[in-house]
J.: 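Please find one structure pasted underneath; my questions will follow.
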There are 2 protein chains.
Amino acid sequence: MVRAANTEQGVEAVAGPSHHPLDQSALKHVLGYQISLADIPSKKLFFKFIGEPLKLRPVEFSLMVLVRSNADVTQKQLGQALSLSAPNLTLLLDKLEERGVLARERSELDRRVQHVRLTPAGEDITRRALEASQPMEREWLRFLSDAEKAMLTELLQKVAKHRRG
Amino acid sequence: MVRAANTEQGVEAVAGPSHHPLDQSALKHVLGYQISLADIPSKKLFFKFIGEPLKLRPVEFSLMVLVRSNADVTQKQLGQALSLSAPNLTLLLDKLEERGVLARERSELDRRVQHVRLTPAGEDITRRALEASQPMEREWLRFLSDAEKAMLTELLQKVAKHRRG
DNA sequence: TATTGTTATACTCTATAACTATA
DNA sequence: TATAGTTATAGAGTATAACAATA
């Protein structure tokens with residue numbers, strides 16, 4: 001049984017040092033609140049290891065990796081996987097295409113469909129981003145054990161898997 | 001030991017029904033990606049149970065609850081607790097103050113400091129929001145066991161606790 | 001000189017509707 | 001008539017710098 005080692009005080013001490021810690025016990029069991037808070041250091045890690053060095057936003061990183069792993073993926077599929085609206089996705093892909101890291105190709109079977117693929121430059125940046133994700137993931141281990149990180153990942157996957165409606 | 005029951009295929013089936021499931025194995029162990037994905041259904045639940053009925057954004061809900069739990073809380077403290085910049089927080093509080101749900105008062109001891117408190121209308125809406133959070137939390141149990149939800153909360157708290165730098 | 005909070009402003013991201021083209 | 005994707009546009013959220021008041 002993985003047991004987090006934080007005390008009540010630890011959890012509630014969210015104000016900066018030299019400040020009276022805030023009581024956030026009323027939000028302690030609100031899972032959405034905890035997810036939002038956890039997203040903050042997560043994004044910080046991302047920008048340090050991937051975002052700034054490779055000039056990629058989180059959603060761009062996800063897109064590139066999904067395109068790389070899925071030959072002939074369509075925009076529809078990408079939009080559903082990442083919960084992006086069609087217009088939003090179009091603009092995102094426009095920017096990445098202008099940058100020269102990916103390309104769109106009309107499907108021969110259904111001319112409405114656009115297949116997305118990485119360019120060689122896109123392959124390169126995505127490979128480097130995935131490489132950089134390794135030390136990034138190790139950084140989590142500074143405050144999460146290996147077992148805790150695996151458990152957290154597994155539970156979050158279970159949550160994400162059930163997002164319908 | 002809590003063990004998530006998803007299969008490899010289950011985890012990777014993120015495209016809609018009738019679509020070829022996307023391979024997202026390359027992102028499986030990227031914790032930040034899983035947090036982002038989990039945030040989607042989480043926000044959806046929030047808007048259904050709290051956001052739409054009470055006309056509150058997630059950050060507004062968090063602010064109101066923290067103000068309610070912490071007498072004489074300052075803007076500085078709120079900003080640090082929720083990682084909000086001072087200008088951003090000012091605008092958020094302006095809007096909530098105009099709406100009549102909270103009020104600011106200059107500290108007598110340090111005239112630079114603003115103390116934030118709820119108005120009676122703010123007390124009312126916050127109480128109702130916290131009440132609505134109970135069925136919202138129960139909704140998670142549709143795809144997470146009690147033990148899993150508790151574990152997830154605990155692990156996320158541990159992550160959020162260490163956000164410094 | 002440092003801190004708390006505000007104002008002003010520009011930028012980015014997102015949401016919506018209307019549209020094109022294909023099926 | 002429905003679907004994939006685009007364009008146009010408005011709105012909301014965020015980031016930055018310059019500022020005022022106080023310590």
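So you know, we letter chains A, B, ... as the sequences are listed, proteins then strands, and number each from 1.
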J.: Rounded to the Å, how far apart are B:Phe47 CZ and C:dT14 P?
T.: 13 Å
J.: Distance check needed: C:dC13 P versus B:Asp39 CG, whole Å only.
T.: 17 Å
J.: Measure from CG on A:Leu89 to C1' on C:dC13 and round the result to the nearest Å.
T.: 14 Å
J.: What's the shortest heavy-atom distance between B:Leu89 and B:Gly79, and which atoms?
T.: CD2-N, 3.7 Å
J.: To the nearest angstrom, how far is B:His115 atom NE2 from C:dT4 atom C1'?
T.: 12 Å
J.: Rounded to whole angstroms, how far apart are CG on B:Leu78 and P on C:dT6?
T.: 12 Å
J.: In residues 57-67 of chain B, which residues come under 4.0 Å of DNA chain D by heavy atom?
T.: B:Arg57
J.: Got a sec, which pairs hit ring pair (Phe, Tyr, Trp, His ring centres under 6.0 Å) with one end in residues 112-137 of chain B, sequence neighbours left out?
T.: none
J.: Quick one: which residue pairs count as a salt bridge (charged side-chain N to carboxylate O under 4.0 Å, His left out) with a foot in residues 79-100 of chain B, not counting sequence neighbours?
T.: B:Glu60-B:Lys95, B:Asp94-B:Arg104, B:Glu97-B:Arg104
J.: Take atom CG of A:Leu84 and atom C1' of C:dT12, then tell me their distance rounded to the nearest Å.
T.: 15 Å
J.: To the nearest angstrom, how far is A:Lys43 atom NZ from D:dT14 atom C1'?
T.: 14 Å
J.: By the salt bridge (charged side-chain N to carboxylate O under 4.0 Å, His left out) test, which pairs, at least two apart or in different chains, include something from residues 118-135 of chain B?
T.: B:Arg68-B:Glu123, B:Asp124-B:Arg127, B:Asp124-B:Arg128, B:Arg127-B:Glu131
J.: What residues, two or more places apart in sequence or in another chain, satisfy side-chain contact (heavy atoms from CB on, under 4.5 Å) together with A:Pro53?
T.: none
J.: What residues form a salt bridge (Lys or Arg N to Asp or Glu O under 4.0 Å) with B:Glu139, not counting sequence neighbours?
T.: B:Lys48, B:Arg142
J.: Going by salt bridge (Lys or Arg N to Asp or Glu O under 4.0 Å), name the residues that satisfy it together with B:Asp72, two or more places apart in sequence or in a different chain.
T.: none
J.: For D:dA4, does OP1 or OP2 lie under 4.0 Å from any side-chain N or O of A:Gln77?
T.: no
J.: Quick check on contacts: within residues 91-113 of chain A, what sits under 4.0 Å from DNA chain D by heavy-atom distance?
T.: A:Arg104, A:Arg112, A:Val113
J.: Nearest-Å distance, CG (B:Asn88) to C1' (C:dA10)?
T.: 15 Å
J.: With sequence neighbours left out, what residues match B:Arg117 under salt bridge (Lys or Arg N to Asp or Glu O under 4.0 Å)?
T.: B:Glu105
J.: So do A:Leu66 and B:Asp23 actually touch side chain to side chain, heavy atoms under 4.5 Å?
T.: no
